[in-house]
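Notes follow the structure.
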Amino acid sequence: MYDFAYVRAKSLDEVTRLLDEHPNARPLSGGQTLIPTLKQRLNRPSMLIDLQDIPETQGIEVGEHEVSVGGMTRHADVAGHPGIAKAIPALALLASGIADPQVRHRGTIGGSISNNDPAADYPAAVVGLGARVITTRRSIEADAFFTGLFSTALEPGEIVVRVIFPRVRRAGYCKIPNPASGYVMAGCFVAETHDGIRVAVNGAGPCVFRQRDFETALAVRFDAASLEGCGQSAQGLNADMHASADYRAQLVKVAAKRAVACALRLA
Amino acid sequence: MPKITITVNGTVQTHEVEGRTLLVYFLREHCGFKGPHIGCDTSQCGCCTVHLDGRSIKSCTCLAVMADGQEVTTIEGVGSVQQLHPLQKAFNEHHALQCGYCTPGMVMQGIDILRRGRATDHATIRHELEGNLCRCTGYQNIVEAIASCAGTHPDRHSRED
């Protein structure tokens with residue numbers, strides 16, 4: 001690992017100032033992706049700005065209509081939060097299945113969605129629930145936040161402060177992980193929101209995406225059987241030694257059906 | 001170089017480190033605690049598992065500077081040859097180790113599982129051990145050792161309290 005300067009920032013203003021002054025500085029949240037990346041010398045930041053002490057990025061607030069999760073909230077804290085388990089149980093379920101316990105004790109929601117790994121879990125919940133991402137500059141709707149492979153709408157110097165999830169009627173999540181690595185080969189988050197059905201697919205493509213055909217079918221009847229006549233196109237899906245695009249397309253449908261069953265079970 | 005202070009196994013440790021120094025190297029090279037093992041260095045194997053402010057983490061995937069001002073417990077902090085931790089005794093009784101390389105991480109993760117009340121059944125324990133690899137035992141005896149301590153308080157006999 002190349003060396004770098006380390007700063008534990010005390011405020012969002014300090015983070016913004018440091019990122020402006022040092023174009024090669026990078027924010028550091030839980031480090032569960034960034035540190036392995038640095039070890040492989042795939043990135044060479046001049047400075048890491050640790051976000052762990054910034055008050056605005058901390059804590060979980062469960063309101064009547066929304067759940068607000070600070071960007072520095074660890075996966076284990078979302079998974080084990082009694083208020084989230086009651087308000088949006090599918091979100092707690094998703095967080096409880098990310099990586100392994102040690103990683104869940106360190107990894108954060110802000111870090112996960114900023115990285116936007118196609119095989120990450122959180123992007124599916126953010127898009128599936130239609131969340132809003134609050135940054136140091138603005139509020140970004142989920143549908144506009146994830147823009148492509150490891151890409152987001154975040155601009156240089158802009159960081160995630162909180163994620164606001166609307167409470168929904170019911171929601172479910174299912175992922176089909178690679179048996180060795182545990183990373184998602186195909187996953188699906190379904191939600192019956194107050195504005196209709198949302199279906200988000202992760203793991204299968206280069207970036208999380210909404211499956212509109214599944215949404216239309218589930219709007220008629222929220223039941224796994226409603227997806228029988230639907231199909232996921234393999235065009236544009238990921239293909240690697242673990243799964244071909246055709247196989248992933250098939251897994252998307254399987255994951256979607258199981259996610260609906262999960263939503264009905266959790267409701 | 002930043003000078004950092006971490007309380008390790010109850011003793012305050014202040015050392016100068018590079019920003020890139022990993023917590024596991026701080027513990028092994030600066031503090032002399034060789035219990036946390038560097039098995040894979042890629043966050044897979046869990047041999048370097050320690051407790052940071054009471055929660056299990058992989059010390060190969062945490063910068064030492066990130067733990068500045070916090071408390072770390074390694075395997076050296078939970079039991080001794082003269083007075084084994086109850087989970088270490090259970091590992092002994094259930095033959096839950098062969099070569100012993102993964103054992104410090106397994107015990108530290110096992111204590112974390114017991115603290116969180118997650119030693120409820122074998123399937124749950126296996127889910128909770130996803131971040132720890134053992135190439136000898138096939139896991140069965142490790143799972144049984146942790147299960148045998150279910151319902152006990154892992155900190156009651158430890159040096160951590």
Side-chain angles (χ1 to χ4, degrees), chain A residues 1-10 22 25-53 72 74-77 79-81 93 96-108 111 177-183, chain B residues 1-4 17-25 36 38 40-70 105-106 108-119 124-133:
Chain A
M1 196 181 336
Y2 298 113
D3 203 14
F4 42 77
Y6 170 88
V7 180
R8 200 182 290 186
K10 295 284 178 245
H22 303 274
R26 289 279 309 266
L28 169 66
S29 45
Q32 299 304 286
T33 298
L34 183 54
I35 293 172
T37 306
L38 296 178
K39 284 184 186 182
Q40 294 182 64
R41 297 188 171 181
L42 293 172
N43 206 315
R44 191 173 189 174
S46 62
M47 174 187 285
L48 290 185
I49 306 165
D50 191 337
L51 308 176
Q52 67 174 304
D53 284 349
M72 278 300 289
R74 317 282 177 180
H75 307 327
D77 293 325
H81 194 277
L93 175 79
S96 75
I98 299 172
D100 58 51
Q102 293 97 319
V103 171
R104 290 195 287 275
H105 284 151
R106 295 298 289 165
T108 68
N178 177 291
S181 71
Y183 277 109
Chain B
M1 287 204 295
K3 186 182 262 192
I4 61 167
V17 296
E18 291 183 301
R20 62 181 167 176
T21 302
L22 297 169
L23 180 59
V24 69
Y25 286 101
I38 303 163
C40 68
D41 199 32
T42 56
S43 231
Q44 313 289 318
C45 78
C47 294
C48 65
T49 298
V50 300
H51 297 164
L52 177 63
D53 281 353
R55 302 174 113 184
S56 63
I57 68 153
K58 293 178 176 177
S59 59
C60 80
T61 310
C62 178
L63 301 172
V65 284
M66 295 171 86
D68 187 15
Q70 297 176 13
M106 286 289 180
M108 297 310 283
Q109 182 57 21
I111 290 172
D112 188 83
I113 293 169
L114 293 169
R115 269 190 193 148
R116 290 184 287 116
R118 295 282 289 165
T124 306
I125 293 170
R126 282 177 182 273
H127 175 66
E128 293 287 343
L129 283 177
E130 259 180 28
N132 294 74
L133 297 179

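We use all heavy atoms of the structure for the numbers below, so side chains are in, but hydrogens, waters and symmetry mates are not. Just so it is clear: chains get the letters A, B, ... in the order the sequence lines come, proteins before strands, and each one is counted from 1.
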How many angstroms lie between atom [atom1] of [X] and atom [atom2] of [Y], to the nearest 0.5 angstrom?
X	Y	atom1	atom2	result
B:Ser56	A:Arg106	OG	CZ	11.0 Å
B:His51	A:His105	NE2	NE2	9.0 Å
A:Asp3	B:Met1	CG	CE	9.0 Å

Query raised in the report: Is there any residue in residues 34-44 of chain A with a non-hydrogen atom under 4.5 Å from a non-hydrogen atom of chain B, and which ones are they?
Result: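 A:Ile35, A:Pro36, A:Lys39 fall under the 4.5 Å cut-off.
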
Smallest separation among heavy atoms of [X] and [Y], with atom names:
X	Y	value
A:Tyr6	B:Met66	OH-CA, 3.6 Å
B:Gly131	A:Pro101	N-CD, 4.3 Å
B:Lys58	A:Asp100	NZ-OD2, 2.7 Å

Requested in this report: Could you check which of A:Met1, A:Gln32, A:Gln102 has the highest count of heavy-atom pairs closer than 4.5 Å to chain B?
Outcome: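 Greatest number of close heavy-atom pairs with chain B: A:Gln102.
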
Requested in this report: Would you mind telling me which of A:Asp77, A:Asp50, A:Val103 has the largest number of heavy-atom pairs within less than 4.5 Å of chain B?
Outcome: A:Asp77

Part of [X] lying under 4.5 Å from any heavy atom of chain A:
X	value
B:Arg116	side chain
B:Gln109	side chain
B:Asp41	both

Report summary line: Honestly, the part of A:Ala99 sitting under 4.5 Å from a heavy atom of chain B is backbone

**Report entry** Student check: side-chain heavy atoms of B:Leu63 and A:Leu48 closer than 4.5 Å
**Finding:** yes

Query raised in the report: Who pairs with B:Thr124 by side chain to side chain donor-acceptor pair (under 3.5 Å), at least two apart in sequence or on another chain?
Result: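 Side chain to side chain donor-acceptor pair (under 3.5 Å) list for B:Thr124, sorted by chain: B:Thr120, B:Asp121.
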
Query raised in the report: Which of the residues B:Leu22, B:Thr42, B:Thr21 is involved in the greatest number of heavy-atom pairs with chain A at under 4.5 angstrom?
Result: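 Winner by heavy-atom pair count: B:Leu22.
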
